[in-house]
Number of protein chains: 2
Amino acid sequence: MKDPVQFLRHHGLSVTAQRLAVLRAVSRRSHSTAEVIAEEVRSEINAVSRQAVYNALGTLAEKGLIRRIQPAGSPALYEDRVNDNHHHLICRTCGKTVDVDCAKGRAPCLTAADNAGFEIDEAEVIYWGTCPKCLAKSARSRA
Amino acid sequence: MKDPVQFLRHHGLSVTAQRLAVLRAVSRRSHSTAEVIAEEVRSEINAVSRQAVYNALGTLAEKGLIRRIQPAGSPALYEDRVNDNHHHLICRTCGKTVDVDCAKGRAPCLTAADNAGFEIDEAEVIYWGTCPKCLAKSARSRA
DNA sequence: ATCCTTTATTTGACTGAGTCCATAAATTGA
DNA sequence: TCAATTTATGGACTCAGTCAAATAAAGGAT
Ligand SMILES: [Mn+2]
Ligand SMILES: [Mn+2]
Ligand SMILES: [Zn+2]
Ligand SMILES: [Zn+2]
């Protein structure tokens, strides 16, 4: 199931240049926006509509080939690291986003203190803070 | 520090009808949108601009009197339960949002598996799933 | 109570990120 | 190869929020 063409077929999706290019663009760099992905795609196949990018990202995420995260104050980000429910660490100053393994190990940490009768399918964790670079910069300006 | 007037003064903010009404509106119901809050405020004092509502919500959140959460696919939500870094459980179907105590107890769970050199100041946790009502409804429709 | 300065509110235009929809094109599989 | 189905395109449109200039209200000092 490594091959994207196989993957698309397997989910009953037609194989299109746009989808393949979007897939490659997402893999090339982690945590990128639809906008950035669209630019990447355009540099590969020579044109693609915004809507096609959103459609591809949407269906690929739905089928589980890519993952979408939607941090506060940022457009959605897409990545190809999938199926491990890892978490994210985001710099409030510059937006730098890095992966963090799930604190509870491999098993996704789905247990809430009290689930209030909900059936929980995902625990989304975002650690907010300041990245090393921005820390250094603010230390310098305070000096 | 219970009294909102005191609180505003204490933070060097002038006390305005709009701010007080926004504060009351936020307290009246948990997890409401700016839009809903604006309507509440309008039913109390007879008019308020959208911008004034956003301003008030912004400064009140900044000063720590209210808290803003920004779940994926929803406008920002505001609540007055503050200073305990509690988490949220959100229904993917109907958006119902409920509080969940921090899994790690009183101390906010700020520890990531690997902080990558970041200085973390908040761990935001959202549990996504289906609420009891929506579970029941879908069980019924499957029957 | 009055004036002055600071701070907040109003109004209305504007933006970013994404969605909707009708038409055109590509993909599939018979 | 030829429909039938699935996607892509282009353009209008929406939602949630921000910006900026003009006006109004609040707070402090007389
Ligand atoms: Mn990631
Ligand atoms: Mn809450
Ligand atoms: Zn940073
Ligand atoms: Zn529900």
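Order of the sequence lines sets the chain letters (A, B, ...), proteins ahead of strands, with each chain counted from 1.
Put simply, CD on A:Glu62 is 11 Å from P on D:dT7, counting in whole angstrom units. Distance NE2 (B:His11) to C1' (C:dT7): 17 Å, rounded to an integer number of Å. As rounded to whole Å, 16 Å separates atom P of D:dT14 from atom CD of B:Glu35. Taking atom CZ of B:Arg68 as the reference point, atom C1' of D:dG17 lies 10 Å away to the nearest angstrom. Look at CD on A:Gln70: it is 14 Å from C1' on C:dT19, rounded to the nearest Å. Rounded to whole Å, atom C1' of D:dT7 lies 12 Å from atom CG of A:Leu8. Counting to the nearest Å, the P atom of C:dT27 and the CD1 atom of A:Ile45 are 11 Å from each other. One atom, CG of B:Asn55, and another, P of D:dG17, lie 13 Å apart when rounded to the nearest Å.
In this structure, A:Arg81 places its CZ atom where more than 12 heavy-atom neighbours from other residues, nucleotides or ligands lie under 6.0 Å away. Heavy-atom contacts from other residues, nucleotides or ligands closer than 6.0 Å to CZ of B:Arg28 number more than 12.
Side-chain atoms of A:Leu13 lie closest to D:dT7 of the nucleotides D:dT7, C:dC21, C:dG18. In this structure, the nucleotide among D:dA16, C:dG18, C:dC21 sitting nearest to the side chain of A:Gln51 is C:dC21. For A:Thr16, the side-chain atoms get nearest to D:dA8 when compared with the rest of C:dT28, D:dA8, D:dT9.
For the OP1/OP2 pair of C:dT10 and a distance below 4.0 Å, the side-chain nitrogens and oxygens of B:Gln18 include at least one atom meeting the criterion. Residue A:Ser14 has no polar side-chain atom (N or O) positioned under 4.0 Å from OP1 or OP2 of D:dT5.
We find the CG-CG distance between A:Asp80 and A:Leu23 to be 8.0 Å, quoted to the nearest 0.5 Å.
Nucleic acid contact class of B:Arg19 (heavy atoms, under 4.0 Å, all strands): sugar-phosphate only. When heavy atoms are screened at a 4.0 angstrom cut-off, B:Ser49 is found touching base atoms of the nucleic acid.
Within 3.5 Å, a donor on the side chain of B:Arg50 pairs with an acceptor on the base of D:dG17, or the reverse.
With hydrogens and angles disregarded, a donor-acceptor distance shorter than 3.5 Å links the side chain of A:Arg19 to the backbone of A:Ser14.
Position along DNA chain D of the nearest nucleotide to B:Ala76 versus B:Arg9 favours B:Ala76 as the more 5'-ward residue.
Ring geometry, A:His31 versus A:His88: the interplanar angle exceeds 60°, so the pair is classed perpendicular (tilted spans 30 to 60°).
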